[in-house]
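These notes are about the structure you will find just below.
Counting starts at 1 for both ligands and their atoms, following the listed order.
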Amino acid sequence: MIRILDEFIADKIAAGEVIERPLSIVKELIENSIDAGSSQIVIEIKNGGKSYIRVTDNGSGIVSDEIELAFERHATGKISKLSDLDHINTLGFRGEALASITAISRLTVYSKTADSELGTKLKMQGGTTVSIEKTGMNTGTTMVVEDVFYNTPARRKFMKSDAAEATVIIDMIQKIAIYYSHIAFRLINNKQTVIATPGTGDILTTIQSIYPSYRELIEIHGDYVHGFISDPGSTKSNKRGQIFFVNGRYISSSTIEKGIIKGYGDRIFSGHPICILFIEVNPETIDVNIHPNKKEVRFDDEVAVSSAVCEAVIHALASSQAMSEPKDSIAMLADKKITTPEADFKASQKELKGR
Ligand code: ADP
Ligand code: MG
């Protein structure tokens with residue numbers, strides 16, 4: 001059920017909410033699709049999302065009587081008491097996103113619930129309804145957002161180039177798709193599919209569908225940490241392969257990085273290992289700045305988290321070495337140079353050309 005939040009809670013929440021760029025819109029729409037229990041989410045963007053963003057899901061849909069309500073400020077189906085804020089399970093909880101998005105764009109929503117025969121198509125512009133009608137469609141929701149900031153030229157100027165806006169969107173969806181590996185994501189950027197995940201729930205195949213060069217990752221398990229890491233010989237020149245989720249949130253953390261560096265120790269000659277880590281801790285022991293762009297997390301017990309990561313890395317490397325000892329030692333004798341998936345790939349390309 002969608003309710004209007006009480007004024008006090010609404011004000012508390014409102015402070016954090018801003019639509020800064022197409023990225024924020026895409027994020028909010030995807031979060032709503034996830035919250036709606038979707039197993040498939042298709043996102044299409046054009047011009048870095050400035051001219052066109054479409055998010056289609058096969059989730060619960062919005063009942064047609066409530067569809068206009070969903071676009072009112074502080075309308076949410078997800079929270080009613082302030083104490084819920086600390087224990088919120090869903091991603092969206094501010095009841096502000098749709099209202100904020102529709103205020104600064106031309107938005108069309110198509111939505112149908114399972115027990116309704118027809119869906120509803122609602123067109124809005126600058127926050128007001130243009131038209132509403134019945135439409136035949138599958139269960140789920142499609143949101144089309146066009147001409148972001150069309151009515152606020154000052155903010156339009158702050159957007160970066162199409163390519164730059166697209167890059168941050170692609171990057172964000174890559175992370176969301178890894179975390180929600182049970183959801184099949186597809187992202188189409190300027191008519192080209194740039195992300196397509198299987199949605200099977202298998203984390204490794206999801207990672208590899210997004211980053212095909214991340215081959216032969218080692219599974220890691222430890223106290224409140226699990227994930228996949230590369231062997232010490234397969235490092236990258238930057239830290240882009242280090243992706244951390246804490247309680248479902250994609251964050252950066254020097255504490256986790258410290259644990260990784262310690263765990264690999266002097267096994268790393270150069271570069272940064274790939275480490276895709278999922279960390280679950282008691283939410284009361286972390287401080288997450290809930291500003292949408294702040295991605296830092298602070299742990300109450302930094303030493304405990306960093307050692308848990310360190311030990312999990314040590315353990316995973318030890319057991320993977322034990323399993324592949326004979327092959328490795330022969331390879332080490334034959335060829336001492338450090339290889340990376342990219343170097344391997346380039347080498348194999350040269351081989352092909354040479355023939
Ligand atoms: P919030 O997500 O914080 O509740 P939003 O403004 O993002 O607020 O959305 C308002 C409400 O509209 C949601 O609580 C939900 O009930 C409904 N809604 C939005 N998007 C979807 C969707 N894709 N599928 C089903 N319901 C949706
Ligand atoms: Mg939301």
Return the option from A70, S38, G140, G37 holding the heavy atom at the smallest distance from atom 11 (C) of ligand 1. A70
Can you tell me which residue pairs pass the ring pair (Phe, Tyr, Trp, His ring centres under 6.0 Å) test with a partner in residues 230-265, sequence neighbours excluded? Y179-F245, F245-F278
With a 4.5 Å heavy-atom cut-off, do T139 and N58 have their side chains touching? no
Looking only at non-hydrogen atoms, which of I34, N58, I62 approaches atom 18 (N) of ligand 1 most closely? I62
For V42, which fellow cluster members are found when Ile, Leu, Val, Met, Phe, Trp and Tyr are connected by side-chain heavy-atom distances below 4.5 angstrom, either directly or through intermediates? I188
At under 4.0 Å between heavy atoms, what of L98 touches ligand 1? The answer is both
Check whether any N or O atom of D57, backbone or side chain, sits under 3.5 Å from an N or O atom of ligand 1, and answer yes or no. yes
Residue selection (non-hydrogen contact nearest atom 7 (O) of ligand 1) among L69, I30, N32: N32
Side chain, backbone, both or neither: which part of V55 comes within less than 4.0 Å of ligand 1 when only heavy atoms are counted? neither
Considering only heavy atoms of A97, which atoms of ligand 1 have at least one such atom less than 4.0 Å away? 6 (O), 7 (O)
If you measure from each heavy atom of G61 to ligand 1, is any distance below 4.0 Å? yes
Beyond-backbone contact of K50 with D162, side-chain heavy atoms, under 4.5 angstrom: yes
For S234 and E216, which I'm curious about, is there any donor-acceptor pair between the side chains at under 3.5 Å? no
Between atom NZ of K191 and atom CD of E44, what is the distance when rounded to the nearest 0.5 Å? 5.5 Å
Does ligand 1 have a heavy atom under 4.0 Å from the side chain of A36, from its backbone, from both, or from neither? side chain
V297 versus S253, closest heavy-atom pair with distance: CG1-CB, 4.3 Å
